[in-house]
Engineer: 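My structure is below; once you've seen it, I'll send some questions.
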Amino acid sequence: MTADGRGTLCLVTGATGYIGGRLVPELLAAGHRVRCMARSPERLRDHPWAGDVERVRGDVTDAASVAAALRGVDVAYYLVHALGTGEDFEETDRRAARVFGEQARAAGVRRIVYLGGLTPAGVPERDLSPHLRSRAEVGRILLDSGVPTTVLRAAVVIGSGSASFEMLRYLTERLPVMVTPSWVHTRIQPVAVRDVLRALVGSAGMPQDVSRAFDIGGPDVLTYREMMVRYAAVAELPRRLILSVPVLTPRLSSHWVGLVTPVPASIARPLTESLRHEVVCHERDIVRYVPDPPGHPLGFDEAVRFALRKVRDARVATRWSSASVPGAPSDPLPTDPGWAGGSLYTDVRELAVDAPRESLWRVIEGIGGDNGWYSFPLAWAVRGRLDRLVGGVGLRRGRRDAARLRVGDSLDFWRVEEIEPGHLLRLRAEMRLPGLAWLEMYAETDARGRTRFRQRALFHPHGLLGHAYWWSVSPFHALVFGGMARNIAQAAVADSAAREREPVR
C-alpha cells in the first residue's frame, strides 16, 4: 500500500508472454494496481483481466516509451528478453536492461523485480550458454542501476504451457524408447510456475535495503532422465526406455527436440544448452522475505499433476508461444488503404453454407491444432516441416484452448491478429516467408438471410523473391484454399446436424 492509501502501482513488461500474462492476475488478486507495457497492447484486450489494468505501448529499447510507462510506478517487473531476435540478442538484452534501469531510477521507482536463469556454481560466465550468460548479465545491470532490485533465478519452470514443460511432456509421451543426449544426466532443480509467481508477487514488498539475487527452486533435485521417468509415472504412461549417447551436441539435440515436440529448434537450443551444467539452488534466502505457505514449494510430481490437469481441462492461461515473433506487430495490416505497403496479392473464396451462422463460426474458431486446416493435410504437414528445417515455428504449436481463441494466441504457424466473435478471424503467418501473409475467415449473412462463408488469403511480397514465391504456389491455391472453404462449409453443416440430434434438456 502506498502512502496515499492506494494499492502499489506495478508495471509489468512482457505481459503478452508466458510468465507476464500469469503474473498480472496474481498482482491484482494481491491488491496491487497494474500497468502493462507491451509493443502491441491491443493483444491484451481479450484476457479476462484486461479491463482491470492500464495498458500502454512501449519498447524496452526505447527510452522515451519506457520513461512514460514508468511514470508513477512503485514496482517494475522486467520480464522481457531478446532471445530469438537474431545473433546479436545479447547486445539487445544489454542495451534494453540499461535503458530500463536508467529510466527506472529517473522515475523514482521503488523496486525492480527481474526473473532470470539459475546459473551453475563455479562455472566461468564465458563457458555458459549465450542464453544463461545474457540472463546473468541483465541481472547485474539491473542490480547496478541504483534502484533496489530483486533478481529471481530459476531453472526449469514446470507449468501448463511452459516451453520446458511442453518439451518434457512431448518427449516423454511420444517416445516410449528414447536415444537422448548426455545432458539427460545433468542435475536440475525444477520449480512449479505457482511458486515462481508467488515469489514474484512477494518480491514487491521487500525492504528497501534488500537488493540482491535469490535462487528459487522446488524441493526435488533430479536429472532430466529422472524427470522423464517421473513424468511418465504421473501421466500413467508405460515405463520409458531412455538411452543416452554423447554424440548429440546441444545444436543437434535442439533439432531432435524440434522434430519431436512443438518447441522449435530456435527455442529448444537455448533450453538444451542451459542443461549442459548442473543448475541447483545454493541458497533459499528468499524465504526470509517471501515465506513458504503450507504445501509449498510444490514437488515435481505435484507440479506435473497440476500442469496436466490444466492441459486436460483446456484451462491453459498462457503458453511459451504467447510472445509473438519479433517485428511482426509493427508491420502493416491488410486493412491499410491503398494498399499502404505496396503490392498485395489476394485469393478470395466465397460460398453459401446450409447451416446457421453460429455453426459456421464454431468451425472457424475451432480451426487448427487437433482439428487441422480442413484441406490437403499432407500439404500442410510438408509446409510445416519445411518451416522447421529453416528455423521457423512449424505447424505443431497447436492451440492454447481447443474451442476458444483470443487476440495474440498462437495457432500452429499463425498468430491471431484480430477476432470479432461470430464474424471475423484474421490470422497473421509466422512461418518463414519472403513477405507478410494473412488468412481471413468470415461468417456472414447475405441479403436473403442465408449463411455465407468468405475466406481471404493475402500476401505482401518482399522483393522479387516474394513475387516469385506467390506465383510459384498460386497453381495450388484451388486445391488448398478452395478445398479449405468447401470443407469448412461441410463441417459447419455437420456441426448443425449434430446439434439438432442432441436431446433437449
Side-chain angles (χ1 to χ4, degrees), residues 17-30 47-49 79 115 117-118 152-174 188-203 215-237 240 261-263 271 279-281 284 286-287 290-322 369-370 397-404 406 409-410:
Y18 177 73
I19 292 293
R22 295 183 177 219
L23 176 62
V24 170
E26 297 293 327
L27 289 170
L28 291 171
H47 286 264
W49 40 258
L79 303 174
L115 179 61
L118 188 58
L152 300 177
R153 303 188 299 192
V156 171
V157 176
I158 302 297
S160 60
S162 78
S164 296
F165 175 73
E166 290 205 6
M167 190 171 97
L168 172 69
R169 173 188 167 206
Y170 281 92
L171 285 175
T172 309
E173 290 185 355
R174 291 182 173 176
I188 305 160
Q189 191 162 354
V191 59
V193 69
R194 295 184 179 207
D195 289 312
V196 173
L197 295 171
R198 185 170 54 80
L200 286 167
V201 173
S203 294
D215 293 351
I216 57 173
D220 300 309
V221 176
L222 307 164
T223 66
Y224 204 88
R225 184 185 187 282
E226 289 170 332
M227 288 167 60
M228 288 191 285
V229 169
R230 287 173 65 164
Y231 176 94
V234 172
E236 299 181 346
L237 300 171
R240 271 33 192 163
T261 81
V263 182
L271 293 177
V279 277
V280 175
C281 297
R284 289 208 68 232
I286 187 70
V287 298
V290 188
D292 291 332
H296 288 265
L298 292 178
F300 176 80
D301 292 358
E302 193 66 12
V304 168
R305 198 169 288 114
F306 274 122
L308 284 176
R309 191 178 305 154
K310 287 289 186 73
V311 170
R312 290 165 181 169
D313 293 345
R315 292 188 294 117
V316 179
T318 59
R319 298 181 68 221
W320 60 270
S321 54
S322 296
D370 291 340
R397 290 191 300 183
R399 301 171 53 107
R400 178 190 58 84
D401 185 287
R404 297 286 179 265
R406 67 190 183 199
D409 273 359
S410 61

Engineer: Between the main-chain N or O of P190 and the side-chain N or O of D220, is there a donor-acceptor pair closer than 3.5 Å?
Structural biologist: no
Engineer: Identify the two heavy atoms, one from G21 and one from W49, that lie closest to each other, and give their separation to 0.1 Å.
Structural biologist: O-NE1, 3.5 Å
Engineer: Do L152 and V196 touch side chain to side chain, with heavy atoms closer than 4.5 Å?
Structural biologist: no
Engineer: Looking only at non-hydrogen atoms, find the nearest pair between R284 and V287 and report the distance.
Structural biologist: O-CG2, 3.1 Å
Engineer: Report the residues that fulfil side-chain contact (heavy atoms from CB on, under 4.5 Å) with V201, sequence neighbours left out, ordered by chain and then residue number.
Structural biologist: L23, E26, L27, A30
Engineer: Using modelled atom types only, decide if a donor and an acceptor are shared between the side chain of D195 and the backbone of A192 within a distance under 3.5 Å.
Structural biologist: no
Engineer: Looking at side-chain heavy atoms only, is the closest gap between I216 and V290 below 4.5 Å?
Structural biologist: no
Engineer: Can you list everything that forms a side-chain hydrogen bond (donor to acceptor under 3.5 Å, both in side chains) with R305? Sequence neighbours excluded, please.
Structural biologist: E302
Engineer: Considering all heavy atoms of both residues, which atom of L197 and which atom of R22 are nearest to each other, and what is their separation?
Structural biologist: CD1-CB, 3.9 Å
Engineer: What side-chain donor-acceptor pairs closer than 3.5 Å can you find for residues 227-235, not counting sequence neighbours?
Structural biologist:
residue : atom : partner : partner atom : Å
R230    : NE   : D301    : OD1          : 3.0
R230    : NH2  : D301    : OD1          : 3.3
Y231    : OH   : E173    : OE2          : 2.6

Engineer: With sequence neighbours excluded, tell me which residues meet side-chain hydrogen bond (donor to acceptor under 3.5 Å, both in side chains) with D215.
Structural biologist: R153
Engineer: V157 versus V191: any side-chain heavy-atom pair under 4.5 Å?
Structural biologist: yes
Engineer: Looking at L118 and A155, what are the two nearest heavy atoms and their distance?
Structural biologist: CB-N, 3.8 Å
Engineer: Is the backbone of C281 close enough, under 3.5 Å, to the side chain of Q189 for a donor and an acceptor to pair up by distance?
Structural biologist: yes
Engineer: Would you check if V193 and Y18 make a side-chain contact, meaning some heavy-atom pair closer than 4.5 Å?
Structural biologist: yes
Engineer: Which heavy-atom pair separates G159 from A307 by the least distance, and what is that distance?
Structural biologist: C-CB, 3.9 Å
Engineer: Rounded to the nearest 0.5 Å, what separates atom CZ in R169 from atom CG in L308?
Structural biologist: 7.0 Å
Engineer: Could you tell me whether the side chain of F306 reaches within less than 4.5 Å of the side chain of I158, counting heavy atoms only?
Structural biologist: no
Engineer: The criterion is side-chain contact (heavy atoms from CB on, under 4.5 Å); which residues satisfy it with P293, sequence neighbours excluded?
Structural biologist: R198, H296
Engineer: Once ring pair (Phe, Tyr, Trp, His ring centres under 6.0 Å) is applied, do any residues pair with F300, and if so which ones, sequence neighbours excluded?
Structural biologist: none
